Peer 1: 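Have a look at this one before I ask anything.
Keep in mind it's a predicted model, so treat the numbers as computed, not measured. Note that ligands are numbered from 1 as they come in the structure, with each ligand's atoms numbered from 1 the same way.
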Amino acid sequence: MDPATTAKKIKSMEIRGALELAFAAANSLKEYSKAYTGNDFLCDFEKQGKLLKASRSTAVSLPNTVDYILYLSREFPRETLAGLIDTFIEKQQDALKRIARIAAKRIKSGDTIMTHCNSMTALETIAEAAKTKKINVICTETRPRNQGYLTAEYLAKKKIPVTLIIDSAVRYAMKEFKVDKVLIGADTIAANGAVANKIGTSQIAAIAHELNIPVIVACETLKFSPQTYEGQMIEIEERSHSEIRPRLKGVKMWNPAFDFTQPEHIDIIVTEDGVISPHMAYEIIKEKFAWEMTPRVCKISKSK
Ligand code: RUB
(Lines give C-alpha, C1' and ligand atoms only; values in the text may rest on other atoms or scores of the structure.)
Protein backbone atom coordinates (compact mmCIF):
# COMPACT_ATOMS: atom_id res chain seq x y z
CA MET A 1 0.00 0.00 0.00
CA ASP A 2 1.38 3.46 -0.89
CA PRO A 3 2.06 6.11 1.80
CA ALA A 4 -0.92 8.29 0.76
CA THR A 5 -3.42 5.42 1.14
CA THR A 6 -1.73 4.33 4.37
CA ALA A 7 -1.98 7.88 5.75
CA LYS A 8 -5.72 7.95 4.90
CA LYS A 9 -6.28 4.64 6.65
CA ILE A 10 -4.37 5.85 9.71
CA LYS A 11 -6.49 9.04 9.79
CA SER A 12 -9.70 7.07 9.60
CA MET A 13 -8.34 4.59 12.20
CA GLU A 14 -8.70 1.64 9.88
CA ILE A 15 -5.05 1.21 10.84
CA ARG A 16 -4.57 1.94 14.55
CA GLY A 17 -2.50 1.04 17.60
CA ALA A 18 0.99 2.47 18.03
CA LEU A 19 2.94 -0.55 16.79
CA GLU A 20 0.62 -1.18 13.86
CA LEU A 21 1.14 2.46 12.77
CA ALA A 22 4.89 1.84 12.71
CA PHE A 23 4.58 -1.35 10.64
CA ALA A 24 2.16 0.26 8.19
CA ALA A 25 4.33 3.37 7.73
CA ALA A 26 7.50 1.30 7.25
CA ASN A 27 5.88 -1.03 4.72
CA SER A 28 4.41 1.83 2.72
CA LEU A 29 7.76 3.65 2.56
CA LYS A 30 9.43 0.43 1.46
CA GLU A 31 6.87 -0.02 -1.34
CA TYR A 32 7.30 3.60 -2.38
CA SER A 33 11.10 3.32 -2.52
CA LYS A 34 10.88 0.15 -4.61
CA ALA A 35 8.39 1.57 -7.10
CA TYR A 36 10.03 5.02 -7.43
CA THR A 37 10.79 6.15 -10.98
CA GLY A 38 11.21 9.93 -10.52
CA ASN A 39 14.47 11.86 -10.40
CA ASP A 40 14.58 13.44 -6.94
CA PHE A 41 14.15 10.49 -4.64
CA LEU A 42 15.25 12.09 -1.36
CA CYS A 43 12.95 15.06 -1.79
CA ASP A 44 9.94 12.97 -2.84
CA PHE A 45 10.63 10.37 -0.15
CA GLU A 46 10.70 13.04 2.50
CA LYS A 47 7.33 14.36 1.31
CA GLN A 48 5.84 10.88 1.75
CA GLY A 49 7.31 10.77 5.24
CA LYS A 50 5.73 14.11 6.12
CA LEU A 51 2.37 12.89 4.87
CA LEU A 52 2.57 9.83 7.08
CA LYS A 53 3.71 11.77 10.12
CA ALA A 54 0.80 14.20 9.76
CA SER A 55 -1.77 11.39 9.68
CA ARG A 56 -2.04 11.04 13.47
CA SER A 57 -0.47 12.68 16.49
CA THR A 58 0.47 11.32 19.96
CA ALA A 59 1.87 7.86 19.08
CA VAL A 60 5.57 8.60 18.65
CA SER A 61 6.16 5.20 17.06
CA LEU A 62 4.92 6.78 13.82
CA PRO A 63 7.33 9.75 13.58
CA ASN A 64 10.15 7.65 15.06
CA THR A 65 9.69 5.06 12.31
CA VAL A 66 9.43 7.64 9.55
CA ASP A 67 12.38 9.68 10.82
CA TYR A 68 14.53 6.57 11.11
CA ILE A 69 13.70 5.47 7.57
CA LEU A 70 14.32 8.98 6.21
CA TYR A 71 17.65 8.89 8.02
CA LEU A 72 18.46 5.54 6.35
CA SER A 73 17.48 6.97 2.97
CA ARG A 74 20.01 9.77 3.41
CA GLU A 75 22.81 7.66 4.81
CA PHE A 76 22.70 4.54 2.62
CA PRO A 77 22.46 3.80 -1.12
CA ARG A 78 18.90 3.60 -2.41
CA GLU A 79 19.30 0.01 -3.63
CA THR A 80 19.84 -1.09 -0.03
CA LEU A 81 16.87 0.80 1.45
CA ALA A 82 14.15 -1.87 1.10
CA GLY A 83 16.42 -4.42 2.81
CA LEU A 84 17.21 -1.99 5.62
CA ILE A 85 13.50 -1.30 6.14
CA ASP A 86 12.84 -5.06 6.28
CA THR A 87 15.53 -5.36 8.94
CA PHE A 88 13.86 -2.56 10.90
CA ILE A 89 10.47 -4.32 10.70
CA GLU A 90 11.98 -7.65 11.77
CA LYS A 91 13.64 -5.90 14.70
CA GLN A 92 10.30 -4.53 15.84
CA GLN A 93 8.65 -7.94 15.47
CA ASP A 94 11.43 -9.48 17.55
CA ALA A 95 11.06 -6.69 20.12
CA LEU A 96 7.36 -7.49 20.47
CA LYS A 97 8.07 -11.19 21.09
CA ARG A 98 10.90 -10.41 23.49
CA ILE A 99 8.77 -8.01 25.53
CA ALA A 100 6.02 -10.63 25.73
CA ARG A 101 8.51 -13.21 27.03
CA ILE A 102 9.96 -10.81 29.62
CA ALA A 103 6.64 -9.32 30.76
CA ALA A 104 4.96 -12.74 30.96
CA LYS A 105 7.42 -13.64 33.73
CA ARG A 106 5.74 -10.96 35.86
CA ILE A 107 2.40 -12.75 35.57
CA LYS A 108 1.72 -15.60 38.00
CA SER A 109 -0.66 -18.50 37.61
CA GLY A 110 -4.01 -17.48 39.10
CA ASP A 111 -3.47 -13.76 38.37
CA THR A 112 -6.29 -11.51 37.29
CA ILE A 113 -5.00 -8.90 34.88
CA MET A 114 -6.79 -5.70 33.96
CA THR A 115 -6.05 -4.13 30.58
CA HIS A 116 -7.36 -1.08 28.75
CA CYS A 117 -7.90 -0.39 25.06
CA ASN A 118 -6.31 -2.73 22.53
CA SER A 119 -2.56 -3.03 22.76
CA MET A 120 -0.81 -5.61 20.61
CA THR A 121 2.11 -5.63 23.05
CA ALA A 122 -0.08 -6.16 26.11
CA LEU A 123 -2.06 -8.89 24.32
CA GLU A 124 1.07 -10.68 23.10
CA THR A 125 2.23 -10.71 26.75
CA ILE A 126 -1.08 -12.10 28.00
CA ALA A 127 -1.08 -14.77 25.28
CA GLU A 128 2.51 -15.71 26.17
CA ALA A 129 1.67 -15.98 29.88
CA ALA A 130 -1.47 -18.00 29.16
CA LYS A 131 0.62 -20.69 27.42
CA THR A 132 1.75 -21.95 30.81
CA LYS A 133 -0.39 -20.16 33.42
CA LYS A 134 -4.04 -19.86 34.31
CA ILE A 135 -5.01 -16.21 34.08
CA ASN A 136 -8.17 -14.12 33.98
CA VAL A 137 -8.44 -10.85 32.14
CA ILE A 138 -10.70 -7.89 32.81
CA CYS A 139 -10.85 -5.49 29.91
CA THR A 140 -12.52 -2.13 29.59
CA GLU A 141 -14.85 -1.16 26.77
CA THR A 142 -12.66 1.89 26.05
CA ARG A 143 -15.22 4.47 25.05
CA PRO A 144 -15.82 6.11 22.68
CA ARG A 145 -14.37 3.80 20.00
CA ASN A 146 -14.64 0.59 22.02
CA GLN A 147 -11.25 -0.87 21.16
CA GLY A 148 -11.81 -3.09 24.23
CA TYR A 149 -14.20 -5.20 22.14
CA LEU A 150 -11.24 -6.15 19.92
CA THR A 151 -9.27 -7.10 23.03
CA ALA A 152 -12.13 -9.17 24.44
CA GLU A 153 -12.71 -10.96 21.13
CA TYR A 154 -9.00 -11.70 20.67
CA LEU A 155 -8.76 -13.23 24.16
CA ALA A 156 -11.99 -15.18 23.83
CA LYS A 157 -10.74 -16.66 20.55
CA LYS A 158 -7.60 -17.77 22.35
CA LYS A 159 -9.77 -19.29 25.09
CA ILE A 160 -8.31 -16.97 27.71
CA PRO A 161 -11.03 -16.13 30.27
CA VAL A 162 -12.04 -12.50 29.78
CA THR A 163 -14.67 -10.20 31.26
CA LEU A 164 -15.61 -6.97 29.52
CA ILE A 165 -16.55 -4.04 31.77
CA ILE A 166 -17.70 -0.50 31.16
CA ASP A 167 -14.98 2.08 31.71
CA SER A 168 -16.61 3.55 34.79
CA ALA A 169 -16.61 0.14 36.54
CA VAL A 170 -12.80 0.06 36.82
CA ARG A 171 -12.50 0.83 40.54
CA TYR A 172 -15.33 -1.48 41.54
CA ALA A 173 -14.00 -4.24 39.29
CA MET A 174 -10.48 -3.99 40.73
CA LYS A 175 -11.92 -4.77 44.16
CA GLU A 176 -14.62 -7.21 43.07
CA PHE A 177 -12.35 -9.33 40.83
CA LYS A 178 -9.30 -8.87 43.08
CA VAL A 179 -7.18 -7.62 40.20
CA ASP A 180 -3.51 -8.50 40.72
CA LYS A 181 -1.92 -6.40 37.97
CA VAL A 182 -2.76 -3.77 35.42
CA LEU A 183 -1.07 -4.36 32.08
CA ILE A 184 -1.20 -1.75 29.34
CA GLY A 185 0.62 -0.72 26.18
CA ALA A 186 1.85 2.78 25.39
CA ASP A 187 1.71 5.31 22.60
CA THR A 188 4.57 7.46 23.83
CA ILE A 189 6.98 7.49 26.75
CA ALA A 190 8.27 10.95 27.57
CA ALA A 191 11.79 11.70 28.80
CA ASN A 192 10.44 12.13 32.35
CA GLY A 193 8.85 8.65 32.28
CA ALA A 194 5.25 9.82 31.80
CA VAL A 195 3.24 7.45 29.63
CA ALA A 196 0.78 8.63 26.99
CA ASN A 197 -1.78 5.95 26.27
CA LYS A 198 -5.50 5.63 25.53
CA ILE A 199 -7.73 8.08 27.36
CA GLY A 200 -8.64 6.64 30.74
CA THR A 201 -5.28 5.00 31.37
CA SER A 202 -4.25 7.61 33.93
CA GLN A 203 -7.46 7.06 35.93
CA ILE A 204 -6.91 3.30 35.93
CA ALA A 205 -3.29 3.74 37.04
CA ALA A 206 -4.28 6.19 39.79
CA ILE A 207 -6.87 3.75 41.15
CA ALA A 208 -4.38 0.87 40.92
CA HIS A 209 -1.85 2.99 42.81
CA GLU A 210 -4.44 3.72 45.50
CA LEU A 211 -5.22 -0.01 45.83
CA ASN A 212 -1.55 -1.09 45.72
CA ILE A 213 -1.95 -2.94 42.42
CA PRO A 214 1.18 -2.90 40.23
CA VAL A 215 0.90 -1.20 36.84
CA ILE A 216 3.01 -2.73 34.08
CA VAL A 217 3.58 -0.96 30.78
CA ALA A 218 4.67 -3.21 27.91
CA CYS A 219 6.23 -1.19 25.13
CA GLU A 220 8.99 -1.17 22.55
CA THR A 221 11.78 1.39 22.83
CA LEU A 222 10.44 2.69 19.50
CA LYS A 223 7.75 4.37 21.60
CA PHE A 224 10.16 6.52 23.59
CA SER A 225 10.12 10.13 22.48
CA PRO A 226 13.42 11.82 21.57
CA GLN A 227 11.45 15.03 20.95
CA THR A 228 10.49 15.24 24.65
CA TYR A 229 14.19 14.97 25.53
CA GLU A 230 14.59 18.20 23.64
CA GLY A 231 11.75 19.87 25.52
CA GLN A 232 8.92 19.30 23.09
CA MET A 233 5.51 18.51 24.56
CA ILE A 234 3.51 15.46 23.48
CA GLU A 235 0.48 16.47 21.47
CA ILE A 236 -2.71 14.81 22.63
CA GLU A 237 -4.96 14.05 19.69
CA GLU A 238 -8.46 15.44 19.95
CA ARG A 239 -10.98 13.51 17.89
CA SER A 240 -14.36 14.37 16.45
CA HIS A 241 -17.23 15.05 18.84
CA SER A 242 -19.39 12.74 16.79
CA GLU A 243 -17.46 9.83 18.34
CA ILE A 244 -19.04 10.71 21.70
CA ARG A 245 -22.59 11.03 20.37
CA PRO A 246 -24.59 13.13 17.92
CA ARG A 247 -24.79 16.83 18.73
CA LEU A 248 -26.66 17.92 21.83
CA LYS A 249 -28.08 21.42 21.54
CA GLY A 250 -26.17 23.95 23.64
CA VAL A 251 -23.61 21.38 24.86
CA LYS A 252 -19.87 21.60 24.23
CA MET A 253 -17.99 18.34 23.85
CA TRP A 254 -14.36 17.38 24.32
CA ASN A 255 -12.91 14.13 23.04
CA PRO A 256 -9.19 13.67 23.79
CA ALA A 257 -7.95 10.28 22.56
CA PHE A 258 -5.07 9.87 25.02
CA ASP A 259 -3.89 10.98 28.44
CA PHE A 260 -0.71 10.99 30.50
CA THR A 261 0.00 8.66 33.37
CA GLN A 262 2.53 10.04 35.82
CA PRO A 263 5.65 7.90 36.33
CA GLU A 264 4.85 7.53 40.04
CA HIS A 265 1.79 5.46 39.11
CA ILE A 266 3.79 3.03 36.98
CA ASP A 267 5.75 0.20 38.54
CA ILE A 268 7.75 -0.97 35.56
CA ILE A 269 8.08 -0.50 31.84
CA VAL A 270 8.96 -3.70 30.01
CA THR A 271 10.97 -3.05 26.85
CA GLU A 272 12.81 -5.43 24.53
CA ASP A 273 15.97 -4.45 26.41
CA GLY A 274 14.49 -5.52 29.73
CA VAL A 275 12.55 -4.17 32.67
CA ILE A 276 13.12 -0.53 33.55
CA SER A 277 11.74 1.99 35.99
CA PRO A 278 9.87 4.83 34.23
CA HIS A 279 12.53 7.16 35.55
CA MET A 280 15.06 5.51 33.23
CA ALA A 281 13.24 6.77 30.14
CA TYR A 282 15.77 9.55 29.71
CA GLU A 283 18.64 7.01 29.51
CA ILE A 284 16.82 4.89 26.93
CA ILE A 285 16.18 7.92 24.73
CA LYS A 286 19.80 9.05 24.95
CA GLU A 287 21.09 5.60 24.10
CA LYS A 288 18.59 4.55 21.42
CA PHE A 289 18.03 7.76 19.54
CA ALA A 290 21.58 8.94 18.99
CA TRP A 291 20.88 8.98 15.24
CA GLU A 292 18.00 11.37 15.85
CA MET A 293 20.13 13.73 17.93
CA THR A 294 23.02 14.01 15.46
CA PRO A 295 22.86 16.95 13.06
CA ARG A 296 21.20 16.18 9.74
CA VAL A 297 23.82 15.74 7.05
CA CYS A 298 21.57 15.67 4.03
CA LYS A 299 20.39 18.55 1.92
CA ILE A 300 16.64 18.41 2.18
CA SER A 301 14.04 19.26 -0.46
CA LYS A 302 14.99 21.59 -3.25
CA SER A 303 11.34 21.90 -4.25
CA LYS A 304 8.75 22.35 -1.53
C1 RUB B 1 -4.39 2.49 20.93
C2 RUB B 1 -3.72 2.51 22.26
C3 RUB B 1 -2.79 1.39 22.59
C4 RUB B 1 -1.35 1.81 22.24
C5 RUB B 1 -0.38 0.65 22.34
O6 RUB B 1 -5.08 3.68 20.66
O7 RUB B 1 -3.83 3.44 23.02
O8 RUB B 1 -2.83 1.10 23.96
O9 RUB B 1 -1.32 2.32 20.93
O10 RUB B 1 -0.74 -0.33 21.40
P11 RUB B 1 -5.82 3.87 19.23
P12 RUB B 1 0.31 -1.34 20.75
O13 RUB B 1 -6.82 2.78 19.10
O14 RUB B 1 -6.46 5.22 19.34
O15 RUB B 1 -4.75 3.82 18.17
O16 RUB B 1 0.87 -2.10 21.89
O17 RUB B 1 -0.50 -2.17 19.81
O18 RUB B 1 1.35 -0.53 20.06
Side-chain angles (χ1 to χ4, degrees), residues 6-27 52-53 55-65 89 91-104 113-129 137 139-155 167 170 182-190 194-205 215-225 234-240 243-244 255-261 266 269-272:
T6 305
K8 265 193 209 137
K9 290 191 180 216
I10 292 175
K11 247 187 206 150
S12 68
M13 286 186 67
E14 213 173 307
I15 300 172
R16 49 145 298 279
L19 195 55
E20 202 52 58
L21 300 187
F23 287 139
N27 276 314
L52 284 164
K53 286 205 280 183
S55 61
R56 242 190 129 185
S57 49
T58 309
V60 78
S61 48
L62 179 61
N64 278 352
T65 296
I89 293 171
K91 237 181 105 181
Q92 296 314 316
Q93 285 162 343
D94 285 352
L96 173 65
K97 295 217 158 62
R98 207 173 138 64
I99 291 168
R101 280 200 300 273
I102 299 171
I113 309 291
M114 180 177 279
T115 191
H116 182 53
C117 195
N118 178 247
S119 156
M120 205 195 292
T121 322
L123 285 179
E124 193 80 14
T125 299
I126 291 171
E128 178 67 27
V137 181
C139 79
T140 54
E141 254 185 326
T142 318
R143 284 272 294 143
R145 292 192 71 103
N146 301 321
Q147 288 95 327
Y149 297 173
L150 301 172
T151 297
E153 276 170 358
Y154 171 90
L155 295 169
D167 298 336
V170 162
V182 170
L183 173 67
I184 48 162
D187 283 88
T188 296
I189 311 281
V195 173
N197 191 51
K198 180 54 56 195
I199 189 74
T201 303
S202 68
Q203 285 171 194
I204 298 174
V215 174
I216 301 172
V217 177
C219 92
E220 298 73 15
T221 53
L222 184 68
K223 294 169 186 163
F224 285 64
S225 166
I234 297 170
E235 192 192 327
I236 293 291
E237 174 186 359
E238 201 187 326
R239 299 194 60 84
S240 163
E243 285 185 354
I244 305 180
N255 185 19
F258 302 95
D259 65 17
F260 297 105
T261 299
I266 296 158
I269 301 178
V270 183
T271 75
E272 68 274 23

Peer 1: If we set the cut-off at 4.0 Å for heavy atoms, which region of E20 has an atom near ligand 1: side chain, backbone, both, or neither?
Peer 2: neither
Peer 1: Which protein non-hydrogen atom lies closest to atom 4 (C) of ligand 1, naming both residue and atom, and how far is it?
Peer 2: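 Of the protein heavy atoms, D187 OD1, 3.2 Å lies nearest.
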Peer 1: Please confirm whether the backbone N or O of K223 pairs with a side-chain atom of S61, one donor and one acceptor, at under 3.5 Å?
Peer 2: no
Peer 1: Taking 4.0 angstrom as the limit and counting only heavy atoms of M13, give me the atoms of ligand 1 inside it, by number and element.
Peer 2: 11 (P), 13 (O), 14 (O)
Peer 1: First locate atom OG of S119, then atom CD1 of I184, and finally report the distance between them rounded to the nearest 0.5 Å.
Peer 2: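 So the OG of S119 and the CD1 of I184 are separated by 8.5 Å.
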Peer 1: Under 4.0 angstrom from ligand 1, any heavy atom of A257?
Peer 2: no
Peer 1: Within the 3.5 Å criterion, strictly below it, is a donor on D187 or T58 matched to an acceptor on the partner's side chain?
Peer 2: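 Note: D187 and T58 side chains miss the donor-acceptor criterion.
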Peer 1: Nearest 0.5 Å, what's the CD-CG distance between E243 and N146?
Peer 2: 10.0 Å
Peer 1: Just heavy atoms, cut-off under 4.0 Å: does M120 contact ligand 1 by side chain, backbone, both, or neither?
Peer 2: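 It is both parts that get close, each with some atom under 4.0 Å.
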Peer 1: Quick check: closest heavy atoms across R143 and D167, and the distance to 0.1 Å?
Peer 2: N-OD2, 2.7 Å
Peer 1: Going by heavy atoms, is E237 under 4.0 Å from ligand 1?
Peer 2: no
Peer 1: Going by the atom numbers of ligand 1, which of them fall below 4.0 Å from some non-hydrogen atom of A18?
Peer 2: 9 (O), 10 (O), 18 (O)
Peer 1: Heavy atom of E220 under 4.0 Å from ligand 1?
Peer 2: no
Peer 1: With heavy atoms under 4.0 Å as the rule, classify the contact between R56 and ligand 1 as side chain, backbone, both or neither.
Peer 2: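 Near ligand 1, R56 shows its side chain, while the N, CA, C and O stay back.
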Peer 1: Could you list the atoms of ligand 1 found under 4.0 angstrom from a heavy atom of K223?
Peer 2: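 In order of number, 12 (P), 16 (O), 18 (O).
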Peer 1: List the closest protein heavy-atom neighbour of atom 13 (O) of ligand 1: residue, atom name, distance to the nearest 0.1 Å.
Peer 2: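 Answer for atom 13 (O) of ligand 1: R16 NE, 2.4 Å.
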Peer 1: If you round to the nearest 0.5 Å, how far is CZ of F260 from CD1 of I236?
Peer 2: 3.5 Å
Peer 1: Rounded to the nearest 0.5 Å, what's the gap from CD on E220 to CD on Q92? Could you check?
Peer 2: 6.5 Å
Peer 1: Going by the closest heavy atom to atom 5 (C) of ligand 1, which one wins out of A22, A186, A59?
Peer 2: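 That would be A186.
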Peer 1: For C117, is the nearest heavy atom under 4.0 Å from an atom of ligand 1?
Peer 2: yes
Peer 1: Could you tell me the residue and atom name of the protein heavy atom closest to atom 3 (C) of ligand 1, and the distance to it rounded to 0.1 Å?
Peer 2: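 Protein heavy atom at minimum distance: N197 OD1, 3.5 Å.
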Peer 1: Once rounded to the nearest 0.5 Å, what's the spacing between atom CE of M13 and atom CZ of R56?
Peer 2: 4.0 Å
Peer 1: Which of the numbered atoms in ligand 1 are under 4.0 angstrom from any heavy atom belonging to G17?
Peer 2: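 Within the 4.0 Å cut-off of G17, ligand 1 contributes 9 (O), 15 (O).
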Peer 1: Please work out whether any backbone atom (N, CA, C, O) or any side-chain heavy atom from C-beta onward of R145 is under 4.0 Å from ligand 1, and answer side chain, backbone, both or neither.
Peer 2: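 R145 to ligand 1: no contact under 4.0 Å from either part.
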Peer 1: Going by heavy-atom distance to atom 16 (O) of ligand 1, choose the closest among S119, G200, G185, C219.
Peer 2: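 Going through S119, G200, G185, C219 one by one, S119 has the nearest heavy atom to atom 16 (O) of ligand 1.
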Peer 1: For K198, counting its heavy atoms only, list the atoms of ligand 1 lying under 4.0 Å from any of them.
Peer 2: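 So the answer, numbered in order with elements, is 6 (O), 7 (O), 11 (P), 14 (O).
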Peer 1: Only heavy atoms of T121, strictly under 4.0 Å: list the atoms of ligand 1 that pass.
Peer 2: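 Numbered from 1, ligand 1 contributes 12 (P), 16 (O).
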Peer 1: So is Q147 in contact with ligand 1, going by heavy-atom distances below 4.0 Å?
Peer 2: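 Under 4.0 Å: yes for Q147.
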